[in-house]
**Q** 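First the structure, which I've put down as structure tokens, then a few questions once you've had a look.
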Amino acid sequence: MVLEPGSAPDNQHGSQDRDHDPRINNWLVIPYFQNDMGRPAVERPLPANVISWLCPSIVVNNQPGQNAFVRGQPTEVTVEVANFGRGTTAAPVYVRVWWADPCTAFSKLNPFGQTVVLAPCDGKARRSQSIIGIVPTWAPEHVCLLAHVSSPLDPGKTTPNPSSDRHWAQFNIAEVVASAGQPFQFFFNAFNPFTEAAAFEISVKPLGGVRMESLARLAKRPLRHAEELRVNLLQGRDEHGHFGREGDATELVLEPGRGTMIGITGMVPEGHGPGTSFALDIVQRQRRGEGFEGTLGLIVSVGGER
């Protein structure tokens, strides 16, 4: 099992979070790192040193860390699942995968495929059989993949929340190619998954520190610090259809079940040649209430001949 982004946090609570209730026969997790048990206030929400938009348990076409699909062609996806429950028999685990347009919170989910895995209660991660699906030709060049695991004794919640819910995980990374000295743009959807209006902060920041190092290892590409890109968010069209610049963060209120398009613009400075890449961390964070957080990763690569 290749679980690179981040390391397991210190475990001072042992297994009491699941052992205190003898009824927990199944405790399913799509692991983001070694020994990830998905326990509230321990491993969920995900620790700050973990890349929430890039779960290594989701592998596309046998290429870890790569969203290596081709629109209109069969694509193979596998998902790892672990069962830390106290049962004595293996649980039948239903594994489902969807794809979606680039987004920080999921609205319209498009079915990709499904399979069943038998997961004994030993905490060992087991990879699913290949799920074969097709991302249609009319889909965006880059799409998000979302996975969910459930069993009869551990069905989980239906609202996608990979950062906080152990049943959910995402492979949510996009890429744009830009030339040095030229601007680039990228657009994604922000969405309110709740039944009431909610306020959110949308931000875009350079990916740095241990998370940048982890991404570079998993994606097998060198990364430069993205502070040089001078990125801005774009939100709200004027009467001429132009987006307004909002700096690297903005706040907005979304009605229940509604979304809006957000843009990102920036420029690769002169002097960076082909093969140079930068990574940006896009976050949609609820201002109050349930503390929802949705995330998306963006790679900016310098194009042209080497």
Side-chain angles (χ1 to χ4, degrees), residues 1-47 49-52 54-60 62 64 76-98 106 109 111-133 145-171 193 290-293:
M1 175 174 68
V2 180
L3 292 180
E4 185 62 42
S7 57
D10 292 337
N11 180 2
Q12 300 177 349
H13 302 282
S15 57
Q16 65 181 15
D17 295 88
R18 63 190 175 96
D19 288 351
H20 73 279
D21 188 343
R23 295 172 298 175
I24 300 179
N25 291 316
N26 290 170
W27 184 271
L28 304 179
V29 184
I30 303 178
Y32 269 80
F33 46 83
Q34 297 285 359
N35 303 316
D36 179 10
M37 293 174 63
R39 293 167 296 175
V42 183
E43 296 96 4
R44 295 295 183 280
L46 289 166
N49 65 337
V50 173
I51 305 174
S52 60
L54 184 61
C55 180
S57 289
I58 302 174
V59 175
V60 181
N62 297 309
E76 176 182 326
V77 174
T78 59
V79 180
E80 284 196 339
V81 57
N83 185 357
F84 290 93
R86 302 185 64 198
T88 57
T89 60
V93 179
Y94 190 24
V95 182
R96 289 179 288 178
V97 177
W98 297 264
F106 295 91
L109 296 179
F112 180 87
Q114 58 197 30
T115 189
V116 175
V117 178
L118 285 179
C121 299
D122 56 9
K124 295 180 180 179
R126 288 171 169 80
R127 186 158 296 281
S128 73
Q129 295 180 337
S130 295
I131 302 170
I132 307 297
L145 293 177
L146 184 70
H148 181 265
V149 294
S150 62
S151 71
L153 296 179
D154 190 11
K157 296 181 179 180
T158 58
T159 300
N161 192 357
S163 295
S164 297
D165 190 332
R166 58 188 166 85
H167 300 87
W168 293 93
Q170 62 179 344
F171 197 107
E290 298 183 27
F292 172 85
E293 182 175 287

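Just so it is clear, the values below take in all heavy atoms, side chains as well, and ignore hydrogens, waters and symmetry mates.
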**Q** Okay, side chain of D165, backbone of N161: is any donor-acceptor separation there less than 3.5 Å?
**A**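 No, because the side chain of D165 does not come within donor-acceptor range (under 3.5 Å) of the backbone of N161.
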**Q** Just verifying a value: how many Å separate E76 CD and Q129 CD, rounded to the nearest 0.5 Å?
**A**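 Rounded to the nearest 0.5 Å, the CD-CD separation comes out at 11.0 Å.
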**Q** Any chance you could lay out the side chain to side chain contact (heavy atoms under 4.5 Å, CB included) test for L54 and F171, step after step, and finish with the verdict?
**A** CA-CA 5 Å; L54 184 61; F171 197 107; 3.4 Å; yes
**Q** What are the two closest non-hydrogen atoms of T158 and W168, and how far apart are they?
**A**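 Heavy atoms only, the tightest pair is O-CZ2, 3.4 Å.
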**Q** Grab the two heavy atoms, one from A82 and one from P31, that are nearest each other, plus how far apart they are.
**A**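 So the two residues come closest at N-CD, 4.3 Å.
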**Q** With side chains defined as the heavy atoms from C-beta onward, is the minimum distance between L118 and P92 less than 4.5 Å?
**A**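 Yes, close enough: below the 4.5 Å cut-off.
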**Q** Quick check: does any side chain N or O of Q170 sit under 3.5 Å from a backbone N or O of S52, one acting as donor and the other as acceptor?
**A**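 The answer is yes, because a donor-acceptor pair under 3.5 Å joins these two groups.
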**Q** Under the 6.0 Å and 45° cation-pi test, does R166 pair with W27?
**A**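 Yes, R166 lies over the aromatic ring of W27.
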**Q** Run the numbers on H167 and D154 for side chain to side chain contact (heavy atoms under 4.5 Å, CB included), then give the verdict.
**A** CA-CA 9 Å; H167 300 87; D154 190 11; 2.8 Å; yes
**Q** Which atom names give the shortest non-hydrogen contact between E43 and P47, and what distance separates them?
**A**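 Closest heavy-atom pair between E43 and P47: O-CD, 3.7 Å.
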**Q** Any donor and acceptor pair, going by atom type alone, linking the side chain of S128 with main-chain N or O of V79 inside 3.5 Å?
**A**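 Yes; at least one donor-acceptor contact below 3.5 Å.
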**Q** If every non-hydrogen atom of S163 is compared with every non-hydrogen atom of R44, which pair is closest and at what distance?
**A**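 Here S163 and R44 meet closest at O-CD, 3.7 Å.
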**Q** Hey, could you give me the NZ/CG distance between K124 and N83, rounded to the nearest 0.5 Å?
**A**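 One gets 13.0 Å once the value is rounded to the nearest 0.5 Å.
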**Q** Would you mind reporting whether P160 and W98 have side-chain heavy atoms less than 4.5 Å apart?
**A**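 A side-chain contact under 4.5 Å is absent here.
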**Q** So, taking the atom named CD1 in I30 and the one named CG in D36, what distance separates them when rounded to the nearest 0.5 Å?
**A**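 So the gap between those two atoms works out to 10.0 Å.
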**Q** Go through N26 and C121 one step at a time and tell me if the side chain to side chain contact (heavy atoms under 4.5 Å, CB included) criterion holds.
**A** CA-CA 7 Å; N26 290 170; C121 299; 4.0 Å; yes
**Q** Of all heavy-atom pairs between V50 and Y32, which one has the smallest distance, and what is that distance?
**A**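 Closest heavy-atom pair between V50 and Y32: CG1-CD2, 3.9 Å.
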**Q** Between atom SG of C55 and atom CG of L146, what is the distance when rounded to the nearest 0.5 Å?
**A**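 So the gap between those two atoms works out to 10.5 Å.
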**Q** Would you say R127's side chain and A125's backbone share a donor-acceptor pair under 3.5 angstrom?
**A**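 Not at all, since once roles are kept as given, no pair shorter than 3.5 Å links the two residues.
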**Q** What's the separation between atom CD1 in I131 and atom CZ in R96, rounded to the nearest 0.5 Å?
**A**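 So the gap between those two atoms works out to 11.0 Å.
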